[in-house]
Structures are given as structure tokens and as C-alpha cells.
Amino acid sequence: MFLFREAALSDEDAIFDLACHLNSLNLPPERKFIRELLTTSLSSFRGTPDFDPGRRFLFVLEDTDGRVVGTSMIHAQHGDFDEPHVFFRVMQEERYADLRVTEDAEVHDVHMTHTMLYLGQTYDGPTELGGLVLHPDLRRHPDKLGRLLSLARFVFIAKHRGWFRDRLLAELLPPLYKGPGGTRSPLWDALGHRFTGLSYDEADRLSRFNKEFIWRLFPAMPVHAILLPENVQEIVGQVGPGTVGAQRMLESIGFQYSGRVDPFDGGPHYEADTDQVTIVRDTRSYQPVIGEPDDTAQPGIVAVTSERSPHFRAVWTPAQAVLGPEDTGPPTGVRVAALALERLGVLGSDERVLVALRPQRRHSDRTNRVFPPARAPTGSLRTT
């Protein structure tokens, strides 16, 4: 049984290896960055009940042999006065013109709808979910390990609600490709590089501590998507093949496309009200009862928090409500297998557990496009 837990300093080597598989802004494959992140994370878990926008929480996924095979993060706030949250706001604008030269000429009306990219920023940003990496060898594991890596964070948020903002943000990766010098983004090559002279990787590294260059060098006026190459228009606001599962999972718990995309690569931003996310809303504390749940039990996240390190631990396992003698009223406890409680380190103790059952999938059109393709403006051309 895999264990989701707070990251420790001893996990540095494993986290570095995982970071090499993703090479993202949130978790770059740099030793110095990872050491500083681990230090910040350890102090964040031990923080006071007050909100601190600088908190970062780093989690890992541990297999039965104690090897770290995955990681995920929470940033208490993404966007402040020192480092604003920057994005493109995607908007549709309509244009109409009567092209008759004289009153007696044939009617020639043109109505167009254009996709526009407006550069925006906020200094009072949401809580961000990021840095999710699962070892490539385990991405098709029958236990669907990405689900635990992602969803267990919401149980942690529910337990420490005061540490997080009222909005949650997840920036999803679009289609990227490997090119000379490293990772390449079609949008950055067509737009960002032309205005900054930087490669995608160079801009990515610079933005970790300075985003001012975006405002100083990017175009001040909105960008007409129709002016971008066709292959670039097709990926703006689209998630990459490896991210479709994460998109559907987020949609199933209440996230929606926010109408914003990343200005570096065009990846869509998904957001939700924190208290309306199903797992945050439905997490409850119960007294565990040792026993094998029957076939009617629902799988979900069972977690514990403690004063000792690791301060948060979670597993994915069936859990079943234990009712009173009359089988009425709220559950008096939750039946969980001994193996799960042992993995959590609470077997034989009187510690309560946090439980959030598997979310029910909401209706979805199963598409990974979040706004209409921009390669040609939609409209009508009428001649009579």
C-alpha cells in the first residue's frame, strides 16, 4: 500500500530524480532549489494557525519498500507584491462592418468573432496546486497513484483551512516538445521569444525570482490569436496528452476553466472556490474501527495528522461507516483495514482519522479544449 506523506530532508535525492522527469517551474531539477524548498516545507508544516502567503507544502508518495516514487505541492498563495501571478485572459471579441460602397450596391455584411489574449496579473492570488510528478514506470499502475498524489492534498487543506486562500488554482501543462537546448513551447517560440529574446527554458528559470521582464517586454496591447501560426493557435488553452487525466479529475471535484492561460506556454488555468471543492467540503473526522470493509464500501482517502513528523499521512483504501445500534443517525466511526491503519502509523492507537470518499465524476464533454480554436475567426459573410 502506497503512503502519501510530508516530505523529509532525506528525500532530496529521490525528489531531484523525479524533478528531472518533469522539469517544471514549480519543481525544477536543481539541487539548491530543492534543498530550499524542503527547508521551507518543513517550517510550513510547523507553522502557527495564522495565514502565511510564503508557505509551501511538499508531499511525497512512498511505496511499500520506502522508495519515493511521486511528489506534489501546495503553494499557500500564488501572486503577491514581490511576485505577481501573471496570465493571459482569453476573451472573444466581435466585429461587424457593412462593406457596401454605395447604398445601391449589393449587401456585403461581415461579422467576425476573434480570440484575444489580454496580459493580466494579480498581487492577491489564489492557493496553487503544483509540482505533481509520478515516476514514469508507475503512471499506469492499477492503483491509479496520481489520484492519491493529487486528491490527498485537498484533505490536508480541509484540515488546515486557515492556511489557504478562498480560491484554488491548478495550472495544467499544454502540449510541449523537446528541442535544441531543452523543453520548447510553441506559444513561447511564436510570441514570448520574439519579444524577450529568451528561450523557453531561460524565461522559465528567470521567472522563478523575477517576472517583471514580462510586463516590460511583452506587448501592452491585446494579442490577436489569428496572427499566431496555426499550430500555435491549436495548442493555446489545450492540455497535453499526459494531462487529460488530471483535468478530468479536477473537473470531478468542482474545478472549472477560468478563462485564463499561462503566458509562457498557453496551458489552461483551472480554478474553484476552496470550500466548494467536494473533497474539502466532505472531509470528516472519525474514530477508526479495525476491520475489513465489505463489498459495499467506497474507496477513498484516509489520513491522519499528528504533532510528530511526518505531520500528515494518507492512503487510498476502502472505508465504511459504522452506525449505531439502531442504524440511524450519523456514523459513530469508520471501518478501515488493519493494513491501512498500520501504514498510517495509528494501528492500536486512539487517534482519529480524516476520511474523504472517492468523488463522483461530474458530467463532462470529455474534451480537452477549453475555448474554440483560434486559427480562423468565426463569423458570417452574407452577400445578396
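Along the sequence shown, residues carry numbers from 1.
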**Asked** Under a 4.0 Å N-O cut-off, is there an ion pair linking Arg31 with Asp13?
**Response** yes
**Request:** Could you tell me whether Asp275 and Arg161 make a salt bridge, using a distance below 4.0 angstrom between a side-chain N and a carboxylate O?
**Result:** yes
Same hydrophobic cluster for [X] and [Y], using side-chain heavy-atom links shorter than 4.5 Å among ILVMFWY?
X      : Y      : value
Phe88  : Met116 : no
Tyr200 : Phe213 : yes
Val289 : Val304 : no
Leu354 : Val322 : no
Leu117 : Leu119 : yes

**Message:** Checking side-chain polar atoms at under 3.5 Å, does Thr113 have a donor or acceptor matched by the opposite partner on Glu93?
**Reply:** no
**Request:** For the residue pair Thr296 and Asp294, confirm or rule out a side-chain donor-acceptor distance under 3.5 Å.
**Result:** yes
Contacts under 3.5 angstrom, residues 51-63 side chains, donor-acceptor by atom type, not counting sequence neighbours:
from: Asp52; atom 1: OD1; to: Gly54; atom 2: N; distance (Å): 2.9
from: Arg55; atom 1: NE; to: Ser44; atom 2: O; distance (Å): 3.3
from: Arg55; atom 1: NH1; to: Asp50; atom 2: O; distance (Å): 2.8
from: Arg55; atom 1: NH2; to: Thr48; atom 2: O; distance (Å): 2.6
from: Arg56; atom 1: NE; to: His75; atom 2: ND1; distance (Å): 3.4
from: Glu62; atom 1: OE1; to: Arg5; atom 2: NE; distance (Å): 2.8
from: Glu62; atom 1: OE1; to: Arg5; atom 2: NH2; distance (Å): 3.2
from: Glu62; atom 1: OE2; to: Arg343; atom 2: NH1; distance (Å): 3.4
from: Asp63; atom 1: OD1; to: Asp65; atom 2: N; distance (Å): 2.9
from: Asp63; atom 1: OD1; to: Gly66; atom 2: N; distance (Å): 3.0
from: Asp63; atom 1: OD1; to: Arg67; atom 2: N; distance (Å): 2.8
from: Asp63; atom 1: OD2; to: Arg67; atom 2: NE; distance (Å): 2.7
from: Asp63; atom 1: OD2; to: Arg67; atom 2: NH2; distance (Å): 2.8

Decide if the gap between the ring center of [X] and the ring center of [Y] is smaller than 6.0 angstrom.
X      : Y      : value
Phe156 : Phe45  : yes
His160 : Phe312 : no
His269 : His85  : yes

Is there a donor-acceptor contact under 3.5 Å from the side chain of [X] to the main chain of [Y]?
X      : Y      : value
Ser43  : Thr40  : yes
Glu6   : His311 : yes
Ser72  : Ser150 : no
Asp17  : Ala14  : no
Ser252 : Met249 : yes

Quick one: are [X] and [Y] in side-chain contact, heavy atoms under 4.5 Å?
X      : Y      : answer
Leu27  : Ile15  : yes
Leu129 : Phe255 : yes
Thr278 : Ile253 : yes
Arg260 : Glu271 : yes

**Request:** Flag yes if more than 12 heavy atoms outside Arg46 fall under 6.0 Å of its CZ atom; otherwise flag no.
**Result:** yes
**Atom CZ of Phe81: over 12 foreign heavy atoms under 6.0 Å** = no
**Reported CG-to-CG distance for the pair Leu357 and Leu151, which is rounded to 0.5 angstrom** = 12.0 Å
**Asked** Could you state the interatomic distance from CD1 (Ile301) to CZ (Phe4), rounded to the nearest 0.5 Å?
**Response** 8.0 Å
**Request:** Tell me, please, which residues at least two apart from Glu292 pass side-chain contact (heavy atoms from CB on, under 4.5 Å).
**Result:** Ala337
